[in-house]
Amino acid sequence: MTPTTSTASDTTADSAVASAPGTAVPAGTPRRRRTGRWIDEWTPEDPAFWEGGGRRVARRNLVWSIFAEHLGFSVWLIWSVSAAMLGSQFGYSPQQLFFLVAAPNLVGALIRVPYTFAVPVFGGRNWTVVSALLLLVPTLLFVVAVQDTSTPYWVMVVIAATAGLGGGNFASSMANINAFYPADKKGAALGLNAAGGNIGVAVIQLFLPVMVGAAGIFGLVQASEGGIHLERAGWVYVGLALVAAAAAYLFMDNLGTASGSTRETAAVVRRRQTWVMSLLYIGTFGSFIGYSAAMPLLIKMHFSLVDATSGAVVGGINFAFFAFLGALVGSITRPFGGWLSDRLGGARVTVGAFVGLVLSTAGVLWTLNQLTPIAAASDPAAAAAANREWFPVFLGCFLLVFAATGIGNGSTYRMIPTIWRFEATERLADGGAPDPTAPAWREAVLRATKESSAAVGIIGAVGALGGFLIPMMFGAPWVEDPLSSVRTAFALFIGYYVACGALTWAVYLRRGSRLAAAGA
């Protein structure tokens, strides 16, 4: 059978890999001719194809995917730092504020499922354009809401919930990039893609106070004479969302090989491994996004005495400013987790991450046990001053928590394509050496890639529910003392991390386990 070179049905030369060696397909293979930037033959597992042009195309798509996903995360978490500034102006209670930052996380988790299904149906590039434009909804509503202190609380919650649209970008972006890379490079590629998105949390928490003229509240610079203008941050992200949509339209590609029906995508819901990995991802990513959302409020309430009128901190710098460090550490350690997993195996690294989470979370809990509830103290100023002495220890332990979540995020996502590939091909090997050139083998690998891309989105959706549960537990309405509810929450989290570490070992590392042979 004479091979023929594949043709990308894209009229833009830069997006096609037609001239790349290794893109051969059997003669007579039907071509799908579509408008837009579609590539219908994509074989990244072929070294000649990869080195001959595939790597360049994959890298270009990865760069712009990171940019769009980064903006999505920033919009998703814009309320995490804004809520810390709303209390004095809008008169919200601690429980109301924690629910305000939790609402976007719930929507962001649920919406990841349809966002995952959108990639095989519409194409990764096309959906990146759409998802970037959808960010205009929460950003424009944010501009309106924060300028009117008479806005009813329930309306504010609904508006905050629309920021969850930014959380959906992660699922579609990861599902899309998973299809571009070969198996031995997925860990690093997915880690970079996720880290670039995750770091959007740190960026919004670091720069929003500066953008809105609130840096004076944090004791960093002289307070803005014009007061706080939270709407400025909304306008900035309106502009950036338009830039991301334009960049995706001009520079990204759709993969025809990643297409599939919604029924095929939904099939992964029936897979046992989808739910095992979801439980692990609640512990890693759920912790990352939940702690990121709650950390500004957590620090402000337990380490700062705030003037009810001006919102300024009494007695020095507002330590809530340093909340961005947690998201930053969790983001930059994520690709390290993927890189380490490519070399040691994702399951081993994941177990290590959960051990780290247990130890570092225990350190956070120990620090919290040394604090005095400021609101209930007879001398709030003295209580705040005493608590501030413990802040460096608290922050150090919490940064270790974030580092462990980042490594665990990278390692768990490295496990997913490995597990799906193993289950798709183990019967083909039949006890002997596999034949990667066999048509059945190639078909199995393609099916595993499609299913693992879908699994990435569904697992990400379930894992993101931790972003809703953590702030809700911190601000539990049935506990009168906020500090007591936070201590109880951390004790429960430690128990969950222990269970996740044991589950990872039992399913993927234990001698005699079928999946231990997968090298996940």
Side-chain angles (χ1 to χ4, degrees), residues 66-87 97 101 104-105 135 138-139 142 146 160 163 166-167 169-170 194-224 228-241 243-244 288-301 303-304 306 311-313 316-335 391-392 394-396 398-403 405-406 409 467 471:
I66 288 174
F67 179 60
E69 187 190 342
H70 174 92
L71 296 182
F73 266 90
S74 291
V75 171
W76 192 16
L77 272 293
I78 194 170
W79 287 92
S80 69
V81 62
S82 300
M85 304 176 192
L86 290 176
L97 290 173
V101 302
N105 293 341
L135 295 179
T139 50
F142 178 87
V146 297
N169 287 15
F170 175 84
N198 291 172
I199 208 169
V201 180
V203 168
I204 193 68
Q205 292 181 340
L206 174 61
F207 290 110
L208 184 141
V210 178
M211 284 189 284
V212 305
I217 285 183
F218 293 100
L220 303 173
V221 297
Q222 184 176 356
S224 172
I228 299 174
H229 293 278
L230 285 170
E231 72 279 2
R232 293 175 184 169
W235 286 122
V236 168
Y237 280 92
V238 166
L240 290 174
V243 171
F288 169 81
I289 201 66
Y291 292 148
S292 295
M295 199 167 179
L297 279 174
L298 195 64
I299 294 174
K300 178 182 177 182
M301 290 179 180
F303 293 95
S304 303
V306 181
V313 170
I317 294 177
N318 183 352
F319 289 143
F321 175 78
F322 296 99
F324 82 93
L325 289 173
L328 179 63
V329 169
S331 300
I332 62 178
T333 54
R334 181 161 189 161
F391 182 74
F394 171 85
L395 181 62
F398 226 136
L399 293 183
L400 291 176
V401 170
F402 274 102
T405 65
N409 286 338

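One-based numbering along the sequence shown. Here the structure is a predicted model, which means the values were calculated and not measured.
Note: Phe391 and Phe322 have tilted aromatic rings, judged against thresholds of 30 and 60 degrees for the angle between ring planes. Ring geometry, Tyr291 versus Phe402: the interplanar angle exceeds 60°, so the pair is classed perpendicular (tilted spans 30 to 60°).
Contact between Ser292 and Val201 at its shortest, heavy atoms only, is CB-CG1, 3.7 Å. The heavy-atom pair separating Met301 from Leu97 by the smallest distance is CE-CD1, 4.2 Å. The heavy-atom pair separating Gly330 from Thr333 by the smallest distance is O-OG1, 3.3 Å. The two atoms that bring Gly200 and Ser74 nearest to each other are O-OG, 2.7 Å, heavy atoms only. Phe324 and Gln205 get closest at one heavy-atom pair: CA-OE1, 3.5 Å.
Taking CD1 of Ile204 as the start and CG of Leu77 as the end, the distance is 8.5 Å to the nearest 0.5 Å. Atoms NE2 and CG, on His70 and Leu240 in that order, are 8.0 Å from each other to the nearest 0.5 Å. The CZ atom of Arg334 sits 4.0 Å away from the CG atom of Asn409 when rounded to the nearest 0.5 Å. Considering CZ of Phe288 and OG of Ser331, their distance stands at 4.0 Å, rounded to 0.5 Å. The structure places CG of Leu71 at 8.5 Å from CG of Asn169, a figure rounded to the nearest 0.5 Å. Between Leu208 atom CG and Arg232 atom CZ the span is 11.0 Å, to the nearest 0.5 Å.
Ring centroids of Phe142 and Trp79 are separated by less than 6.0 Å, placing the two rings close together. For Phe303 and Phe394, the ring centers are positioned less than 6.0 Å apart.
Side-chain N or O atoms of Ser80 include none that pairs as donor or acceptor with a backbone N or O of Ala293 at under 3.5 Å.
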Task: CA sep, side-chain torsions, deciding dist, call: Ile289, Asn198, side chain to side chain contact (heavy atoms under 4.5 Å, CB included) - done: CA-CA 9 Å; Ile289 201 66; Asn198 291 172; over 6 Å; no
